[in-house]
Amino acid sequence: MVDTLGVAVVGFGWMGRVHSQAYARVRHHYPKLRLRPELVTVADEVPGRAEEAAAQFGFATAVRDWREVAADPRVRAVSITAPNFLHREIGVAMAEAGKHIWIEKPVGLTVADARAVADAAAKAGMHSAVGFNYRNAPAVEAARELITSGGIGTVTHVRVRLFSDYAAHPQGALTWRYERERGGSGVLGDLASHGVDLARYLLGDITSLTADTAVFVPERARPTGATAGHSLASGGELGPVENEDYVSCLLRFASGARGVLEACRVSVGEQNNYGFEVHGTKGAVFWDFRRMNELGVSRGDRYQDQPVSTVYVGPGEGEYGAFQPGAANAMGYDDLKVIEAYRFLRSIAEGTAHGATLTDAVHSAAALDAMARSAESGAWVDVHRGG
């Protein structure tokens with residue numbers, strides 16, 4: 001028997017569109033799913049945007065105020081894809097209103113924000129999903145299995161990189177993303193949050209770290225109207241960029257492994273250069289998001305001059321079989337969000353968590369807060385102290 005679940009999307013920029021598409025596709029890829037999402041309402045404060053979204057995607061209702069979503073009894077689950085500074089207020093309100101939550105990272109601006117949403121959801125008995133989409137790649141899940149099974153020996157160190165050029169243009173508009181009060185810690189929340197989640201997903205808990213940050217584009221022009229994505233602006237009044245363009249970080253894991261995490265939003269020549277290299281005592285595994293369905297794997301007993309083989313993931317690794325029938329058929333970014341939607345809906349249907357949850361968001365936020373403290377003090381910082 002299939003039940004209908006009324007869902008809403010709050011905030012209809014690019015990510016709101018991705019969530020809506022995922023809801024529309026999930027039943028096609030997972031026909032045995034016990035819940036069928038029904039697009040009930042979409043909320044966005046920009047005039048006309050919600051109405052356009054409703055017309056295109058088939059939402060029954062379009063509203064400007066997210067509070068109407070919280071009060072709507074038809075809505076049982078909500079995607080929160082609004083700007084970061086609204087995550088805590090919206091997330092807590094939705095949980096208290098009895099809505100399950102699929103929320104984008106970094107779930108607010110601080111670990112206190114993430115913990116407030118997590119506590120509200122737990123108190124209300126609501127299930128959650130968090131947009132740590134890269135862990136959903138079948139190749140990443142295959143890498144984790146290889147690591148946890150001892151396939152590369154004892155893990156010694158990892159390097160995680162997240163380089164992008166989305167903020168590299170000096171005429172990029174001074175939107176909320178670049179303000180401390182509304183955008184939080186800049187590239188830490190935007191990209192390093194993914195890096196922390198990947199590192200923890202693959203290697204376990206991070207215990208301490210030391211970090212350095214920088215702002216490389218110190219001023220931007222203020223936009224004169226509503227913006228979407230990473231719009232350009234010229235001729236407007238210049239204002240300061242208040243949060244980080246770049247972060248580098250050394251990590252220590254509970255296992256004894258060491259790590260390096262580096263993220264930058266102003267890397268000219270880099271487009272979504274995200275990935276990791278994990279080294280162990282008997283081998284290594286490598287992943288590049290731009291070749292999402294491949295792994296570089298080194299295994300054996302040669303130690304020196306040991307070759308690396310390219311492995312194409314296929315049915316049997318993660319959720320690959322729900323999308324493609326054989327190895328080396330490509331999957332894309334939007335497919336990762338369909339997997340996320342599936343795991344969110346499955347959690348609600350079965351009453352058991354599947355995929356990244358608000359608990360993972362709290363762990364990621366604690367590491368981001370530790371990075372900020374370390375960059376300010378220049379010292380090693382315990383991740384869960386002071387958060």
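It should be emphasised that the depicted structure is a prediction, and the values quoted were computed from it without experimental measurement.
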**Request:** Would you please indicate if the ring centroids of His127 and Phe344 are separated by under 6.0 Å?
**Result:** no
**Message:** Whether Arg17 and Glu52 form a salt bridge (side-chain N of Lys/Arg under 4.0 Å from carboxylate O of Asp/Glu) is what I want to check.
**Reply:** no
**Item:** Centroid separation Phe12 to Phe57 less than 6.0 Å
**Value:** yes
**Prompt:** Is it true that Asp360 and Arg135 make a salt bridge, defined as a side-chain N closer than 4.0 Å to a carboxylate O?
**Reply:** yes
**All ring-ring contact (aromatic ring centres under 6.0 Å, His included) counterparts of His19, not counting sequence neighbours** = Trp102
**Message:** Check this for me, if you would: do Glu277 and Arg161 make a salt bridge, where the nitrogen-to-carboxylate-oxygen distance has to be below 4.0 angstrom?
**Reply:** yes
**Fill in**
Glu145 meets the side-chain contact (heavy atoms from CB on, under 4.5 Å) criterion, sequence neighbours left out, with Thr148, Ser149
**Asked** Would Glu340 and Lys337 pass as an ion pair if we require N to O under 4.0 Å?
**Response** yes
**Request:** Establish, yes or no, whether a centroid distance under 6.0 Å links the rings of Tyr333 and Trp14.
**Result:** yes
**Item:** Aromatic Tyr166 / basic Arg265 pairing, under 6.0 angstrom, 45° off normal
**Value:** no
**Request:** Could you list the residues that satisfy side-chain contact (heavy atoms from CB on, under 4.5 Å) with Thr154, not counting sequence neighbours?
**Result:** Thr281
**Item:** Ring geometry between Tyr274 and Phe289 (parallel below 30°, tilted from 30 to 60°, perpendicular above 60°)
**Value:** parallel
**Prompt:** Out of curiosity, Glu270 CD to Leu162 CG, how far, rounded to the nearest 0.5 Å?
**Reply:** 11.0 Å
